[in-house]
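Report on the following structure.
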Amino acid sequence: MGTPYHSAKARAKAQQASHKITSQQPKEAEDMLNSAVQQMLAKEAQKVNDIALEHGVTVEKVKKLMGGIKNYKSSRSTQLENALMQTKVEQSTKVSFSRDLRMLVKEDTAMQNLTEGEKQQYIDNLIEHRAMQNTSVHAMNTSAACDVQSTLDNVFKMLDSLAVWTGIYACVFASCGHVYDTAQATWFGTDNVMDFWEDVLQMEADKITRKLEQWACMAGRSVLDKCEMVQNMQHVCTRLLNSGLSMCFRRDIHINYASFNTAIKEKLSIDLRGWPEGIPFQSPTSLNDLNSLLKVRCAPKDGSCHWFRMSPRQCEEYNALLEAWRKKGEVVTKPRKKRSDAGVPRK
């Protein structure tokens, strides 16, 4: 009767011992792995310290370089050699091989021993040339005409959706800029907005489109020289700034640059925010630098420069500032020119 009891007890002890051995094996393996990893980390930390001391940098910088991954590709910058070759292409139209261009560049003494400013000027000219090639529409360019039509279709769909969502009225007239362009002049309007041209101006949309096409082709805006581009840009900037002021004030008004502080800010409580840095605040017609005019033109278009109505608090603070200037004897506004017949009685 006692034999089965003792045998069961012995079996249970054997199973417990087996379970204990089985559970200890993974723990020992885990401890061995942790020990190996700690040894490796210690060696790596010592190696990082040695590299930092050798190169005279901090340990954090070495660790950052070890763990950093480059997820972008460096863009290829414009090379001076290509800029000089492009200049030779513009000067001579008979050269067609790159080796001939390189020889012309080497033989031109004016292109040797250039200063840093001259090198940058050649590079800037090449960048401007490439940008114009990417954005201009060339005559008889079928792919460009397809791009025009595809882009206009997307614009028309967006305007339609916007009209349904917000109830706005919008119209668009588009035309080519050269007589040989294959892009067709067209127009688009949301809802019945095109009736405005017939009811108010007594002109049909097709007639307006034809006149626009004639004007665009005859104006020759794509072949303007630099002087004419400056004059044209002056008119564009003046029109943009005056249009923004008129829309803000809801009246047809022009900017008085000489008396801006009093005629516009003090009297109308309207100010201009975001004027391009490095450009004096004056009429665009007084600016003769094309780059400055381009900055003045782009600022209102991208919204960085815009008109806004001053709050009552801003008006009070500005009026107090003007009063302080006047007490100090400073000239707040440009004085008017005295009439030549001042003091002479007039009928």
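The first residue of the sequence shown is numbered 1, and numbering continues consecutively from there.
For residues 266-302, the pairs satisfying ring pair (Phe, Tyr, Trp, His ring centres under 6.0 Å) are Tyr257-Phe281, Phe260-Phe281, Trp275-Phe281, with sequence neighbours left out.
Panel note: side chain Asn256, backbone Ser259; a donor-acceptor pair is recorded below 3.5 Å. Checking side-chain atoms of Thr87 against main-chain N and O of Ala83 turns up a donor-acceptor pair under 3.5 Å. Judged by distance alone, with hydrogens and angles left aside, the side-chain atoms of Gln202 form a donor-acceptor pair with the main-chain N or O of Asp199 at under 3.5 Å. In this structure, Tyr318 contributes its side chain and Asn261 its backbone to a donor-acceptor pair below 3.5 Å. A distance-only check finds a donor-acceptor pair linking the side chain of Thr190 to the backbone of Ala170 [under 3.5 Å]. In this structure, the side chain of Glu198 does not engage the main chain of Met194 through any donor-acceptor pair within 3.5 Å. Distance alone, capped at 3.5 Å, is enough to place a donor-acceptor pair between the Gln234 side chain and the Leu287 backbone. A donor-acceptor distance shorter than 3.5 angstrom exists from the side chain of Ser311 to the backbone of Gln314, with no hydrogens or angles considered. A side-chain donor-acceptor contact under 3.5 Å links Gln112 to the backbone of Val105.
Cluster membership for Leu162 and Phe188, using ILVMFWY side-chain heavy atoms within less than 4.5 angstrom, is not shared. No continuous path of hydrophobic side-chain contacts links Leu53 to Val57 [ILVMFWY only; heavy atoms under 4.5 Å]. One hydrophobic cluster, built from ILVMFWY side chains closer than 4.5 Å, holds both Val200 and Trp187. Under a hydrophobic clustering in which Ile, Leu, Val, Met, Phe, Trp and Tyr are joined whenever their side-chain heavy atoms come within less than 4.5 Å, directly or via other members, Val89 and Ile127 fall into the same cluster. Phe196 and Leu212 fall within a single hydrophobic cluster, where Ile, Leu, Val, Met, Phe, Trp and Tyr side chains are chained together by heavy-atom contacts under 4.5 Å.
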Problem - Verdict with supporting geometry, Thr209 and Ser175, side-chain contact (heavy atoms from CB on, under 4.5 Å) - result: CA-CA 7 Å; Thr209 305; Ser175 171; 5.7 Å; no

Practice task
Evaluate the criterion side-chain contact (heavy atoms from CB on, under 4.5 Å) for residue pair Leu245 and Ile264; output intermediate values, then yes/no.
Solution key: CA-CA 10 Å; Leu245 178 60; Ile264 303 297; 4.2 Å; yes

Practice task
Test side-chain contact (heavy atoms from CB on, under 4.5 Å) on Ser269 and Arg309 and set out the steps.
Solution key: CA-CA 6 Å; Ser269 300; Arg309 284 189 172 275; 5.6 Å; no

Exercise for the section: Could you please spell out the steps behind the side-chain contact (heavy atoms from CB on, under 4.5 Å) verdict for Leu104 and Asp108? Expected result: CA-CA 6 Å; Leu104 290 176; Asp108 192 348; over 6 Å; no

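When Asp153, Val148, Asn154 are each tested for a side chain to side chain contact (heavy atoms under 4.5 Å, CB included) with Ser150, only one passes: Asn154.
Neither side chain, Glu323 nor Asn319, offers a donor N or O lying under 3.5 Å from an acceptor on the other. Side chains of Gln46 and Asp50: a donor-acceptor N/O pair is present below 3.5 angstrom, by distance only.
Taking both residues in full, the closest heavy atoms of Pro276 and Ala299 are given as CG-CB, 4.0 Å, listed atom of the first, atom of the second, then distance. Closest of all the heavy-atom pairs between Leu114 and Leu84 is CD1-CD2, 4.1 Å. Nearest heavy atom pair, residue Leu293 against residue Pro284, reads CD2-O, 3.6 Å. The minimum heavy-atom distance linking Met310 with Ile270 is given by the pair SD-N, 4.1 Å.
Residue Gln184 places its CD atom among 12 or fewer non-hydrogen atoms of other residues, nucleotides or ligands, all under 6.0 Å distant.
Ion pairing between Glu277 and Lys295 fails under the 4.0 Å rule for side-chain N and carboxylate O.
To the nearest 0.5 Å, atoms CG (Asn34) and CD (Gln39) are separated by 11.5 Å. Glu213 CD to Thr186 OG1: the interatomic distance, rounded to the nearest 0.5 Å, is 10.5 Å. The CD1 atom of Ile255 lies 4.0 Å from the CH2 atom of Trp307; values are rounded to the nearest 0.5 Å. Rounding to the nearest 0.5 Å places OG of Ser292 at 13.0 Å from CZ of Arg297. Atom-to-atom distance recorded for Leu268:CG and Asp271:CG is 11.5 Å, nearest 0.5 angstrom.
Proximity of Leu322 to Lys265: side-chain heavy atoms (C-beta onward) are nowhere separated by under 4.5 Å. Between Glu81 and Met85, some side-chain heavy-atom pair lies under the 4.5 Å cut-off. Put simply, the side chain of Gln86 does not reach to within 4.5 Å of the side chain of Asn125, judged on heavy atoms. Counting only heavy atoms from C-beta outward, the side chains of Ile208 and Leu201 never approach each other to under 4.5 Å. Between Asn82 and Thr78 the shortest side-chain heavy-atom distance does not fall below 4.5 Å.
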